[in-house]
Enquirer: 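Starting off with a structure, shown below.
From a predicted model like this one, the values you see are computed outputs, not experimental measurements.
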Amino acid sequence: MFGGIGGLITDVIDALGPLGVLVLIALESVVPPIPSEIILPLAGFLVGQGRMSFLAVLGGATAGSVLGALLLYGLGRRLGRKGMERLARKVPLLEPEDLDRARGWFDRHGGEAVLIGRLVPGVRSFISIPAGIEQMPVWKFAAYTALGSAAWNAALIGLGWWLGARWQEVGDYLRYVEYAVLAALIGAVGWFVWRRLRARREGPPR
């Protein structure tokens, strides 16, 4: 029923089951080329087809979310604020402004920002970094991440399950999402190359 990105995701999940969901969501949490808003509804579709249980998919997705979040948490804890800012300037698709937005959430809400941030697109992944920088207790971070991620994952998996027979219409919509993701990746790579070439022409800053 699906082609392109959608077909690839469903093939991985269909072959590996909840483990495939875990791997995809862990990757999405660290380097989000394919958002969970695509992965989890497709997993929900397979749940509706009777190929997997809802609880198994939810468990795999939540475990993947926590695993990816812990990697970013550990990175923030090890590098600190200045180190993460330097890294953000070098890594494609990552900007210091992303870290500033996540840090603002953490400063306003404290530890609860991890729980709330897991429900907010654009903040979900990066909220782990200021938690690591501020050395939030790892057990508390993991607990908040699991709770927030479980709520987010359950909603998207349930949405895919509920849509059921309407997936032909959703498949048409998904193609436009795939085009948007591909255009964003191409644009990001082009911008990164242009920025590096300009910096090389201008020479090192004084």
Enquirer: Distance-only, no hydrogens or angles: does the Tyr73 side chain make a donor-acceptor pair with backbone N or O of Met136 under 3.5 Å?
Expert: yes
Enquirer: To the nearest 0.5 Å, what is the distance between CH2 on Trp152 and CD1 on Ile25?
Expert: 10.5 Å
Enquirer: Just checking Phe54 against Trp161, ring centres under 6.0 Å apart?
Expert: yes
Enquirer: Counting C-beta onward and ignoring hydrogens, is there a side-chain heavy-atom pair between Leu58 and Val21 closer than 4.5 Å?
Expert: no
Enquirer: So which heavy atom on Ser149 is nearest to which on Arg118, and how close?
Expert: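 Reported closest heavy-atom pair: OG-NE, 3.1 Å.
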Enquirer: So, for Ala63 and Leu22, which heavy atoms are closest and what is the spacing to 0.1 Å?
Expert: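 Taking every non-hydrogen atom into account, CB-CD1, 3.7 Å.
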Enquirer: Indicate yes or no: at least one non-hydrogen side-chain atom of Asn153 is less than 4.5 angstrom from one of Ser65.
Expert: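 Yes - at least one pair of side-chain heavy atoms lies under 4.5 Å apart.
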Enquirer: Less than 4.5 Å apart, side chain to side chain, heavy atoms only: is that true for Val12 and Leu24?
Expert: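 Yes, at least one pair of side-chain atoms sits under 4.5 Å.
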Enquirer: Roughly how far, to the nearest 0.5 Å, is CG of Leu42 from CD1 of Ile157?
Expert: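 Ile157 atom CD1 to Leu42 atom CG measures 11.5 Å (nearest 0.5 Å).
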Enquirer: So, for Leu67 and Ala26, which heavy atoms are closest and what is the spacing to 0.1 Å?
Expert: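 Heavy-atom minimum between the residues: CD2-CB, 4.3 Å.
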Enquirer: Can you confirm whether Ile13 sits close enough to Met52 that some side-chain heavy atom of one is under 4.5 Å from a side-chain heavy atom of the other?
Expert: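 Touching, per the 4.5 Å side-chain cut-off.
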Enquirer: So, for Ala146 and Thr62, which heavy atoms are closest and what is the spacing to 0.1 Å?
Expert: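 Residues Ala146 and Thr62, closest heavy atoms: O-CG2, 3.7 Å.
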Enquirer: A side-chain contact here means heavy atoms from C-beta on lying under 4.5 Å apart; do Val138 and Leu70 qualify?
Expert: yes
Enquirer: On a heavy-atom basis, which atom in Ser128 and which in Leu72 lie closest, and how many Å separate them?
Expert: CB-CB, 3.8 Å
Enquirer: Check Val47 against Ser53 and note the closest heavy-atom contact, atom names and distance.
Expert: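 Looks like CG2-O, 4.1 Å.
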Enquirer: As an exercise, state the distance from CZ of Phe141 to CD1 of Ile127, rounded to the nearest 0.5 Å.
Expert: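 Result: 9.0 Å between the selected atoms.
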Enquirer: A side-chain contact here means heavy atoms from C-beta on lying under 4.5 Å apart; do Arg77 and Ile133 qualify?
Expert: no
